[in-house]
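As structure tokens, the structure follows; a few thoughts come after it.
These numbers were taken from a predicted model, which means no experiment stands behind them.
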Amino acid sequence: MINLKINNIDVSLPENSTILDGAKKLGIKIPTLCHLDLCDLKVVNQVASCRVCMVHIDGYRTLMPACATKVRDGMVIQTNTSEAIAARRTVVELLLSDHPTDCLICEKNTNCDLQTLAAVLGIRGKLKYEGKKSTYPIDKSSTSIYRNPDKCIVCRRCETMCSDVQTCNVLSGVNRGFDTVIQPAFEMDLNTTPCTFCGQCIAVCPTSALTEINNVDEVWSVINDKSKHVVVQTAPAVRFALGEEFGMPVGTEVTGKMVNLLNKLGFDKVFDTDFAADLTIMEEANELIKRVTDNKNLPLLTSCCPSWVNFIEHNFSDLLYMPSSCKSPHQMFGAIAKTYYAEKENIDPKDIVVVSVMPCVAKKYESSREELSHNELKDVDYVITTRELASMCREAGLPFTDLEDMEFDNPLGESSGAGTIFGSTGGVMEAALRTSYEWLTKKSLDKVDFNNIRGLDGIREATIDIDGLELKVAIAHGLGNARTLLNMIKNKEAEYHAIEIMACPGGCIGGGGQPYHGGNPDVISKRRDAVYNADKNKTRRKSHENPSIKKLYDEYLGDVGGKKAHELLHTTFKSSKK
Amino acid sequence: MCENCNGQFGTDEQKEKLINYISKNKDVDGGIIAIMQEAQSIYGYLPREVQEIIADETNVPLSKIYGISTFYSQFYLEKKGDFHISICMGTACYVKGSGDIMNAFRSKLGLSGEETSKDGRFSIEATRCIGACGLAPVLTVNDNVHGRLTVEDVDKIIELYKSKEV
Amino acid sequence: MNNSFKYNLLVCGGTGCTSSDSEIIISTFKEECKENNIDKEVKVTRTGCFGLCELGPIVIVNPGGYFYCRLEVKDVPSIVKEHLIGGNPIKDLIYKETIQDDKIIAFDETPFYAKQNKIALRNCGVIDPGEIDEYIEHDGYKALDTVLNSMTPDETIAVVKDSGLRGRGGGGFPAGLKWEFTKNNESSQKYVLCNADEGDPGAFMDRSILEGDPHSIIEAMTIAGYAIGASKGFVYVRAEYPIAVTRLQSAIDVAVETGMLGNNILKSGFNFELEIRLGAGAFVCGEETALIHSIEGERGEPSYKPPYPAESGLWNKPTLINNVETYANIPVIFNKGAKWFASIGTEKSKGTKVFALGGKIKHTGLIEIPMGTTLREVIFEIGGGIPNGRKFKAAQTGGPSGGCLPESLLDIKIDFDSLTSVGSMMGSGGLIVMDDSNCMVDIAKFFLEFTVDESCGKCTPCRVGTMRLYEMLQNISSGKAVIEDLDKLEALCHVVKSSSLCGLGQTAPNPILSTLQYFRDEYVAHIVDKKCPAGVCADLLTYTVIEDKCIGCTLCAKNCPVDAIEGSVKKPHIIDVDKCIKCGICVDKCKFDAITR
């Protein structure tokens, strides 16, 4: 242990701790901005570049950044000398001098780290420094990500995410000195870059330099269009994070309140993407069993993450035979809503509008893919994120935390625990295993918890004994890990039957459309715990036991993997090397 | 951009030369900057088309190459004039009036910044100390050094190169 | 040197002299000697820099040390005929200061050379850098042989530590300690780097050493490699130094051929290879972590220290970085002993320092002086004082990281600590002299413009702070500031200094702080009186012709570079203020003091 003093208080810390760790331990809050360390997920941005965490250390020539300075025995640290306070405030004043001052109408108003810091550090009145300001064009070329470089404070978090964690290498430091900004090469529109729209840049951006393309207005207007029958579906991960937007403890499941909210907002029917997740498992498990039995086109890669699909299309065009041909759950849902549900309720599919509430911004892009439609009708019409749903709630003035629990509507609202765990890394694989096991062995699976594939390690692998058949599976979350895994397969360094890949660290619960985690490393793991708890509490935990799913096949689809199922529930991929 | 109207940037010889160089050097650790320097010496500058060739051949992401090309002042993203005038702005030259010489060139050539003159003949830039402080103030036109200058020499230098072949 | 020649001609082949045709002068000498059949008697050697760049191109004729300067190609035949054949040196072409009472003295007896002590520059201007044999004749590779074949790495490091040598590139960190730290970090792979990304405007000693004595760097880096346990080294050189790069590369090639580099060096069993990497134009790459990132093929952005390169440097391996001048001292320290080296200089700064004299000084050029020499000696004795009868105002050391020192500090003994204590810095050794026609606000602005331009943009204080400092100076120099702005300026300077990530930002405010400290009245004059006392800051100047004094000689109009002056012969002229670029030529040209500003 290292012994030192912070503000005259003794503190002992393990080796390799930073001054920031020490201050935290003592309950002293040192402001940070560029610093990001999501411990379990190995997401670290420790560039020590923003300089808002400067502290005084006895005997040092300059102030030192608390976030990056490792503690040493006998260090004497003062966090609040007048020099340190002046430095921290000046640094924020400098940032503000090159930042738009339109906080009132900013996308991140009340949710912006820079704004909070300015408030906390007591910066009031006139801006102290004025001068040249950076001006760059706004990029709203994509359907997912809104980029306003004028709001960039060059913390490099997005660059770390995009290049180091996700290995997409779209965002990079460009220019130098005052003109430094984080941009794609040649200031290209994101649409023309290898961006997968995972939105992790948004998840970590402390200001509104990166936000989602906002679709709230379209959704309001369609809700109020009486000629339309508007159905909404909510992704598994949304319910485990939405409460955070309203001050509820991280890891609170708010399914019932969420359903009530959606009803109150005026959606005609409130359905569940978990139902569609069960449906996906039916098709995907069937596909897996076929490929394993034929020993062909292995490994099967999951394809429910649109950002991951983009990634493989951009980077591994030679492996496009591997992903499961299944559409992602919310797209399956859309297809079923506009066929089965339309027929059943006798509504003209043209009048049905499907809105998805997703933890994800890539889903916005996905819903615009041409092939994800049926009879010239898009499967999904609008996608809003968890954050956008919360903003609709606030706009409507609804008291979210006081809302009574309500149940999803039927017939597309019933789900099993297998559908629920889609929200976490490893969940899709576990759900698929629960079903594949029973279908392959024709035996009942009693221990449904596949604990050996759970966890937050970037790449996990396991061999599952399915009555003698050794099924080798792997799971990767974060596109960098996906790249590593795919390269291993390409180079024949590893062989698997099935692989689950999710673009976002942690899976959908850590999606780019979720409430901002603000750099809190516990958020993802608490949401994850909530996911598995919810699964545990479900009466049915295997997709193929979902009665509504059985009914759907019986009444409409016919065979699993049959003609109708293929027409509605499967898709194709195309190379798009960029 | 297409110089030969065949959809390809630059000449086949240029491309071949660059690809040859890359194939020999792409495994050098940290060699990307040297590759970019070579590319610039082949093409004169590093437009997007050239950076894309480098990205394709080296598997270094384009964003990274672009980030490097906009960081180091030696890399040009735009074509320079036939005669590129680099005026030394080292301290020794500055205190001896290189700022005035820069202004005189700009006003004579009708340039406001570091752009290329409309006829494509001249471009100017302020350069870091070239270490020829004994000749201060000093400038180079392409590879030729002109030293111990006064504002009166500006006309002479422009005249000297105006009608010269590259 | 081969004594079979009657005359040895040393022709400077440094960048300065090469720019003024020294290569053609060399070839013309050779041709002329051949034509006159004396080519067997005359040896023409292209050497490194002699230091007195102001007078280039320079040719020294030995024996006698005759110092021909500012030669032109057309002068060569007469030197051959009259001096080399006739035995009569041509006084008109010889450096005036070597002519005393009709006698010609050797160049090294002139004040410029006599006060110098050349250690790092020992071979510059003496040997042909292209000939390894000449280097060896001058004790070259002797230290390497001693170290590799009779000393342990620890003994080697002990010598460097005992010598008291401090890094010549900036902060003056003790070189021996750096070597020791790097040695003590265990790793199967380590690196030795040479920082030759000389960037301080007005400093060119590293370039001169590489051009004039490349083998000394190769030798020193190999010694360092042996001492710390590295088998690979890189020299990071500015691409703007083509002559240095070519000479260093051919020196490396020759060293490999002759077994001074490569495998089993000098039969010691030690292997070391050296590679050149070219910089691409970024001053910040002089910072060691930025330099490392640049070699790694990244944007040259510095990173937070610790870890220091000695622990985790190039490709995360323990790495030793010294600059060119530091290395140039190493072989001599081993040849002459640590004690000898430590006997030169001041208590905490041992040895010598190379300075590049520039600006308003008679003898522009490169000098090497023992630490502890005073600024006054350097400027007025070695440098010959201020030209054109003007008055000394300030000496700037340390480039953009340093400060401007006033007349009252001229007797300061130059060393690392004394310069820091008065708000400047040794830096890499640029020494720019300014006279009363230089404006201190303008100089501070000049340096800040440089820093703004060269800031890597990574950390906030440097990225935004230096821009705001520059803008404040701009406001002052254009008369838009109020007196309270000076406090605001100073306060921001302190934050940029205390909170920037690397040395570039941490020292960027020094030019402002030092001029505020020593020349505050000039700032006040700009702000309160809206006047630039030195007549530099254009926005505060209006050029007008005093009608009574103007006789209409038209000289001003003829010389105006932008044709802003109109008037007919023998009539008072008028300056069009819209066209006027305030260059000041008219004032210089007017013989009647008829133009004011």
Side-chain angles (χ1 to χ4, degrees), chain A residues 47 49 132 134 136 139 145 147 149 152 154 156 158-196 201 210 311 314-318 479-480 483 486-487 490-491 575-578, chain B residues 1-3 7-10 18-19 22 26-27 29-33 35-37 39-40 43-79 89-90 112-115 125-129:
Chain A
V47 290
S49 68
K132 187 181 170 189
S134 311
Y136 300 95
D139 174 10
I145 297 175
R147 225 168 47 79
C152 173
V154 204
R156 316 300 276 263
C158 59
E159 186 186 4
T160 296
M161 262 300 177
C162 185
S163 298
D164 299 348
V165 178
Q166 301 293 61
T167 66
C168 294
N169 290 297
V170 173
L171 297 173
S172 162
V174 167
N175 301 330
R176 75 174 184 214
F178 187 80
D179 297 329
T180 307
V181 63
I182 313 303
Q183 292 267 33
F186 296 92
E187 291 78 38
M188 285 190 269
D189 287 342
L190 281 180
N191 251 358
T192 54
T193 67
C195 176
T196 67
C201 54
L210 289 152
F311 186 79
H314 293 336
N315 298 291
F316 294 92
S317 51
D318 48 337
L479 291 171
R483 189 186 288 277
L486 282 199
N487 279 330
K490 242 180 128 165
N491 301 332
S575 159
S576 58
K577 192 172 179 298
K578 278 176 182 170
Chain B
M1 205 184 291
C2 128
E3 284 193 348
Q8 180 198 314
F9 181 81
L18 176 58
I19 289 176
I22 294 173
K26 71 172 164 192
D27 296 327
D29 284 334
I32 187 71
I33 292 176
I35 288 172
M36 291 167 70
Q37 284 167 329
Q40 179 155 296
Y43 288 92
Y45 65 123
L46 293 177
R48 178 162 164 183
E49 293 82 351
V50 174
Q51 295 198 24
E52 279 171 346
I53 297 174
I54 300 173
D56 285 347
E57 299 294 322
T58 58
N59 280 327
V60 174
L62 185 63
S63 63
K64 208 177 145 187
I65 293 170
Y66 183 69
I68 294 170
S69 73
T70 55
F71 184 87
Y72 295 100
S73 57
Q74 194 194 56
F75 294 122
Y76 302 124
L77 273 79
E78 272 160 38
K79 205 169 183 170
M89 282 290 162
S112 56
E114 301 207 334
E115 77 274 25
E125 73 170 341
T127 185
R128 291 164 62 202
C129 180

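- Only the backbone of V170(A) comes within contact range of chain B, with at least one heavy atom under 4.5 Å from a heavy atom of that chain.
- The nearest pair of heavy atoms linking N175(A) to F71(B) is O-CD1, 4.2 Å.
- Other residues, nucleotides and ligands contribute at most 12 non-hydrogen atoms within 6.0 Å of the CD atom of E78(B).
- Top candidate by heavy-atom pairs under 4.5 Å with chain A, chosen from A55(B), S63(B), G67(B), P61(B), is S63(B).
- Across all their heavy atoms, F186(A) and L62(B) have their closest contact at CE1-CD1, 4.3 Å.
- Contact of S73(B) with chain A is made through backbone and side chain together, with heavy-atom distances under 4.5 Å.
- Looking at Q51(B), only its side chain comes within 4.5 Å of chain A, counting heavy atoms on both sides.
- Contacts of I68(B) with chain A are absent, with no heavy-atom separation under 4.5 Å from either backbone or side chain.
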